[in-house]
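Heads up, the thing below is written out as structure tokens.
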Amino acid sequence: MPELPEVETMRRGIAGLCGARIVAARFPQGTCRPLAIAPPPTEIAARLEGHRIVSVARFGKRVAIEVGREESAPHWLVIEPRMTGLLLVAEPPTPNHVRMELEVATGTGSSAGACQKLLFWDQRGLGTIRLLDARGLDRACGAAKLGPDGLVVTGSDLAERLGESRRGVKIALLDQRAVAGIGNIYAAEILHRAAIDPRTPCHAVAAGAWEAVARAAREILASAVAHEGSSIGDELYRTADNRKGGFQKLHRVYGLAGTPCQACGAPIERIVQAQRSTFFCATCQPRFRGRRRRGTSPKPRAERLAKLVRRSLGA
DNA sequence: CGTTCAACCTGGGCGC
DNA sequence: TGCGCCCAGGTTGAAC
């Protein structure tokens with residue numbers, strides 16, 4: 001479920017816990033398979049309890065809760081919600097999918113004592129929890145793993161990282177090393193706004209069109225953050241205080257197959273790319289027909305063929 | 001290098 | 001009512 005806007009909404013929803021002290025950390029086993037968690041729950045609990053929440057950051061689709069004491073090196077509790085994970089400071093949708101429960105004491109000195117619970121709830125259990133030091137954080141969330149954030153990505157960022165790729169542009173936008181935070185919903189919405197067919201090979205996207213894609217990404221993602229993400233139908237995503245997001249009302253293509261495009265009236269289409277649904281308007285996002293954009297070197301294909309030849313000779 | 005596929009899971013919706 | 005199947009916002013690794 002959660003893409004950049006949903007994860008950013010979760011981050012903001014728990015940022016008020018900065019300064020709070022972690023009194024207890026529990027990782028209930030629940031009825032389903034234990035969540036991917038490292039190091040083991042008892043070790044994480046021991047290293048969290050008594051420490052304060054220093055900051056709450058977001059890296060792509062992950063939330064990183066910085067914890068530490070003055071005299072010890074900081075650590076980050078990195079939570080990756082994947083499909084159904086939620087960070088909550090409210091009652092969970094169901095009691096039995098609570099994967100982590102942090103009891104935190106807010107306030108200091110004489111006003112201390114107000115206790116709150118921070119929960120990680122995950123129905124499907126595909127999410128992950130990791131406690132990392134600075135080096136681990138860089139390995140997991142650094143530039144080698146995640147491209148520029150979708151809220152600030154530029155056309156030249158995209159052209160540089162994807163310009164020579166043969167992949168369809170929609171599939172490429174889901175590559176977190178190219179740009180961090182875009183998922184299946186927002187990739188569709190971004191390409192609709194940028195008026196580009198999702199099947200267009202990246203190498204056929206004009207240099208100027210990358211600017212349009214990047215601008216659409218920044219605008220769509222910022223608007224979705226302002227609307228606290230997308231809660232589709234009665235689906236699971238909620239803000240940290242258990243409200244629905246509002247951006248689903250502004251979707252132009254995602255989940256709207258068969259309905260008329262709001263811009264042109266043509267029916268929205270659904271296709272499958274890389275085993276995932278893609279929604280688009282064939283009229284607003286006209287199919288790319290040429291071979292390759294002007295000025296692009298044919299190197300990738302030539303290199304591929306050369307490699308194939310070498311391989312067949314070698315074998 | 002790129003693509004495809006399966007796997008990791010639960011649960012809702014649908015057709016029969 | 002129940003069963004089987006398909007679908008879902010993400011990521012990873014194996015195989016080709």
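Just so it is clear: chains get the letters A, B, ... in the order the sequence lines come, proteins before strands, and each one is counted from 1.
Regarding A:Met10, its CE atom lies at a distance of 15 Å from the P atom of C:dG9, rounded to whole Å. Per the geometry, OH belonging to A:Tyr237 stands 11 Å off C1' belonging to C:dG9, to the nearest Å. What separates CG of A:Leu126 from P of B:dG11 is a distance of 12 Å, to the nearest Å. A straight line from CG of A:Leu221 to C1' of C:dG9 spans 13 Å, rounded to a whole angstrom. Atoms CD1 (A:Ile220) and P (C:dG9) sit 17 Å apart, rounded to a whole Å. Atom P of nucleotide B:dG2 and atom CG of A:Asp175 are separated by 9 Å, given to the nearest angstrom.
Contacts classified as ring pair (Phe, Tyr, Trp, His ring centres under 6.0 Å) and involving residues 139-175 of chain A (residues at least two apart or in different chains) are not found. Counting only residues at least two apart or in different chains, ring pair (Phe, Tyr, Trp, His ring centres under 6.0 Å) contacts with residues 127-158 of chain A are absent. For residues 255-275 of chain A, the set of pairs meeting the ring pair (Phe, Tyr, Trp, His ring centres under 6.0 Å) definition, not counting sequence neighbours, is empty. Legend: ring pair (Phe, Tyr, Trp, His ring centres under 6.0 Å) pairs involving residues 154-185 of chain A, not counting sequence neighbours: none detected.
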Evaluate side chain to side chain contact (heavy atoms under 4.5 Å, CB included) for A:Trp210 paired with A:Asp157, printing each intermediate quantity in order.
CA-CA 9 Å; A:Trp210 286 118; A:Asp157 286 334; over 6 Å; no

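A salt bridge links A:Glu103 with A:Arg26: the closest approach of a Lys/Arg side-chain nitrogen to an acidic carboxylate oxygen falls below 4.0 angstrom.
Between A:Arg82 and A:Ser165, the residue whose closest nucleotide on DNA chain B is further toward the 5' end is A:Ser165.
Rounded to whole Å, the separation between the P atoms of B:dC5 and C:dC6 comes to 15 Å. Straight-line distance between the P atoms of B:dA7 and C:dC5: roughly 15 Å, to the nearest whole Å.
Between the side chain of A:Arg99 and the backbone N or O of A:Asp122 there is at least one donor-acceptor pair closer than 3.5 Å.
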Intra- and inter-strand pairing of DNA chain C, written as dot-bracket with Watson-Crick and G-U pairs under 3.5 Å and | for the latter, reads .|||||||.|||||||

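Using a 4.0 Å heavy-atom distance criterion, A:Leu174 is classed as making no nucleic acid contact.
Residues A:Tyr186 and A:Leu221 meet the side-chain proximity criterion, which asks for heavy atoms closer than 4.5 Å.
Side-chain atoms of A:Glu228 and A:Thr239 form no donor-acceptor pair, as typed in the model, at a separation below 3.5 Å.
Contact between the side-chain N/O atoms of A:Lys61 and the OP1/OP2 oxygens of C:dT11 is found at a separation under 4.0 Å.
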List every contact pair, protein side and nucleotides 5-8 of chain C side both N or O, where the distance is under 3.5 Å.
from  : atom 1 : to       : atom 2 : distance (Å)
C:dA8 : OP1    : A:Arg270 : NH2    : 3.4
C:dA8 : OP1    : A:Ser277 : OG     : 2.3
C:dA8 : N3     : A:Arg124 : NH1    : 3.3

